[in-house]
Amino acid sequence: MQLTGTPFFLITVLLVPVSIAVALLLWGKVRGPQPVQVLSRLAMIVFCQITAVLMVFVMVNNANLIYGSWDDLLGTGDHVRAVPAVPKDDQPAGEAKAGSGDAKAPAKVLQQFGGVGDPAVPGDVQKTELKGQVSGVDGEVLVWLPPQYNDPAFKDKKFPVVELIPGYPGSSSTWYGTLKVSDQLKPLMQQGKVAPFILVSPRTLLLSNHQDAGCTDIPGKVNADAWVTRDVPQMVLDNFRADPSPDRWAIAGYSAGAHCAAKLSLAHPNRYRAAISLSGYNDPAAEKDSLVGKDAKLRELNNPLNILKSAQQPPKVAMYISGKKGDGLEDAQALAAAAKAPTTVQVQETSGPHSTELWKGMVPSIFEWLTGIIPAQ
């Protein structure tokens, strides 16, 4: 049975009164020595508490889509098929390497798309299972098309793209189901207040045993960077009328996903024009389950502030970074202080808890900001 959704939640709700009823029915019928009676009744109480805690957990998980499957919850899912060496490529996605001796373009990654199958996710969001050709990662990718996409007036238009990265742990459904990104942006796109972006959310929980890959290529372990920045964009370009120009691509994330958005945009300005980072951090070790944070060299190399400071040329990236004191603001200010043209950093101080409710409320304004960077054409 699916972890998220109504059926399992209803079962957990039903288990609460059933466990209480069973305890009341059997309480006076316990027989045996006094210690046995005490332990038996204690077990009844514990069982009642477990059912109540389970119901609350499922309720919170359904609301926030923290874990998208049983494998994610139990740490048994592994989405790494192989860990090939990732070739260096300074070209934007979809463009052939200049001077390449092989004129033959790689085969297109044509995919089948279907519904997400989660009642929390809008029905117009599509899902596909992608086998990453560059990264060796296999995982689902969710795609939402703007209202203009199927309008005959736009049949010859190519659309800008935003990759949406969840936090850790997090589901590829969270931006759509919890932050309501497509529901909020659809009317704004129809009104012309927000550009008609294609919204793409890939799986980023790739490793078993509750390990965070941190959107990083970790030798011998996972090519999480290549999955997000190479395989997913190429799939989008091969299957949709997406604009291949890096000036028309952006990446956004919250919490651990915000760290990914900042880091990947600065590391790959040939692929992203803008980044949105909501309540993120610079030091990978801020996430206790981060494999990157536990490796001194990777930790240094994958700190967005270090990437910015060590860049041979300031990357042409516009960044919107939000946070409150003690929760991302100081890191945002450090990036702003280090930025030199053409890099720009807009810092937005926030208040409130580190929660999806905060980031959900910011969706309209951050995409209006992004439309100023990547306008409709």
Heavy-atom distance under 4.5 Å between the side chains of [X] and [Y], does that happen here?
X      : Y      : value
Lys157 : Asp151 : no
Lys316 : Arg273 : yes
Val162 : Trp175 : no
Lys193 : Phe367 : no
Asn223 : Pro84  : yes
His259 : Tyr168 : no
Val134 : Gln234 : no
Leu207 : Leu291 : yes

If you compare all heavy atoms of [X] against all heavy atoms of [Y], which two are closest, and at what distance to 0.1 Å?
X      : Y      : result
Gly132 : Asp138 : N-OD1, 3.9 Å
Pro160 : Pro196 : CD-O, 3.6 Å
Leu278 : Tyr320 : CD2-CE2, 4.4 Å
Ser173 : Val121 : CB-CG2, 3.6 Å
Lys158 : Ala242 : CD-O, 3.9 Å
Leu237 : Pro244 : CD2-CA, 3.7 Å

Separation of [Y] [atom2] from [X] [atom1] (nearest 0.5 Å):
X      : Y      : atom1 : atom2 : result
Glu140 : Ser201 : CD    : OG    : 8.5 Å
Asp212 : His210 : CG    : NE2   : 12.5 Å
Asp183 : Asp124 : CG    : CG    : 7.5 Å
Lys297 : Asn302 : NZ    : CG    : 11.0 Å
Thr350 : Met362 : OG1   : CE    : 6.0 Å
Leu15  : Ile20  : CG    : CD1   : 11.0 Å

We want to know whether [X] and [Y] form a side-chain donor-acceptor pair, criterion being a heavy-atom distance below 3.5 angstrom.
X      : Y      : value
Thr216 : Lys263 : yes
Tyr272 : Glu163 : yes
Ser135 : Asp231 : yes
Thr229 : Asp225 : yes

(message) Is the terminal nitrogen or CZ of Arg271 (NZ for Lys, CZ for Arg) located under 6.0 angstrom from the six-membered ring centre of Trp249 and within 45° of that ring's axis?
(response)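 Negative - Arg271 is either too far from the ring of Trp249 or too far off its axis.
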(message) Is the positively charged end of Arg241 above the ring of Tyr149, judged by distance under 6.0 angstrom from the centroid and angle within 45° of the axis?
(response)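 Arg241 over Tyr149 ring: yes.
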[X] atom [atom1], over 12 foreign heavy atoms within 6.0 Å:
X      : atom1 : answer
Gln133 : CD    : no
Gln112 : CD    : no
Lys221 : NZ    : no

(request) Test side chain to side chain contact (heavy atoms under 4.5 Å, CB included) on Trp227 and Val141 and set out the steps. (result) CA-CA 11 Å; Trp227 163 250; Val141 182; 4.1 Å; yes
(message) For Phe154, give me all partners under ring pair (Phe, Tyr, Trp, His ring centres under 6.0 Å), at least two apart in sequence or on another chain.
(response)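 Scan of Phe154 (ring pair (Phe, Tyr, Trp, His ring centres under 6.0 Å), adjacent residues dropped) gives none.
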(request) Answer with yes or no whether the hydrophobic clustering places Tyr254 together with Leu264; edges join I, L, V, M, F, W, Y residues whose side-chain heavy atoms lie under 4.5 Å apart. (result)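 No, Tyr254 does not connect to Leu264 through the hydrophobic network.
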(message) Do Trp27 and Val30 land in one hydrophobic cluster if side-chain heavy atoms of ILVMFWY residues count as linked below 4.5 Å?
(response)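 Hydrophobic grouping puts Trp27 with Val30.
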Please list, one pair per line, the donor and acceptor atoms closer than 3.5 Å that link side chains of residues 43-54 to other protein atoms, with sequence neighbours excluded.
unit_1, atom_1, unit_2, atom_2, d
Thr51, OG1, Ser19, OG, 3.1
Thr51, OG1, Phe47, O, 3.4
Thr51, OG1, Cys48, O, 2.7

(request) Quick one: do Phe197 and Leu370 satisfy side chain to side chain contact (heavy atoms under 4.5 Å, CB included)? Show the steps, please. (result) CA-CA 10 Å; Phe197 297 106; Leu370 184 59; 3.7 Å; yes
(request) In sequence, state the C-alpha distance, the side-chain angles, and the governing distance for Ile165 and Ile251, and then conclude on side chain to side chain contact (heavy atoms under 4.5 Å, CB included). (result) CA-CA 8 Å; Ile165 311 300; Ile251 185 166; 3.9 Å; yes
(request) Start with the C-alpha distance between Trp144 and Val181, add both sets of side-chain angles, then the distance that settles side chain to side chain contact (heavy atoms under 4.5 Å, CB included), and finish with yes or no. (result) CA-CA 10 Å; Trp144 180 82; Val181 64; over 6 Å; no
(request) Supply the members, apart from Ile321, of the Ile/Leu/Val/Met/Phe/Trp/Tyr cluster built from side-chain contacts under 4.5 Å; use none for a lone residue. (result)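 Its cluster mates, by chain and number, are Leu266, Leu305, Ile307, Leu308, Val317, Met319, Leu329, Leu335, Val345, Val347.
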(request) Output every pair passing disulfide (SG to SG under 2.5 Å) with a member in residues 235-348, not counting sequence neighbours, ordered by first then second residue. (result)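 Applying disulfide (SG to SG under 2.5 Å) to every pair that reaches into residues 235-348, excluding sequence neighbours, yields Cys215-Cys260.
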(request) Give every residue pair that meets the salt bridge (charged side-chain N to carboxylate O under 4.0 Å, His left out) criterion with at least one member in residues 324-345, sequence neighbours excluded. (result)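 Of all non-adjacent pairs touching residues 324-345, none passes salt bridge (charged side-chain N to carboxylate O under 4.0 Å, His left out).
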(message) Test: side-chain hydrogen bond (donor to acceptor under 3.5 Å, both in side chains). Region: residues 357-377. Which pairs qualify, not counting sequence neighbours?
(response)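 Of all non-adjacent pairs touching residues 357-377, those that pass side-chain hydrogen bond (donor to acceptor under 3.5 Å, both in side chains) are Ser279-Trp359, Gln346-Trp369.
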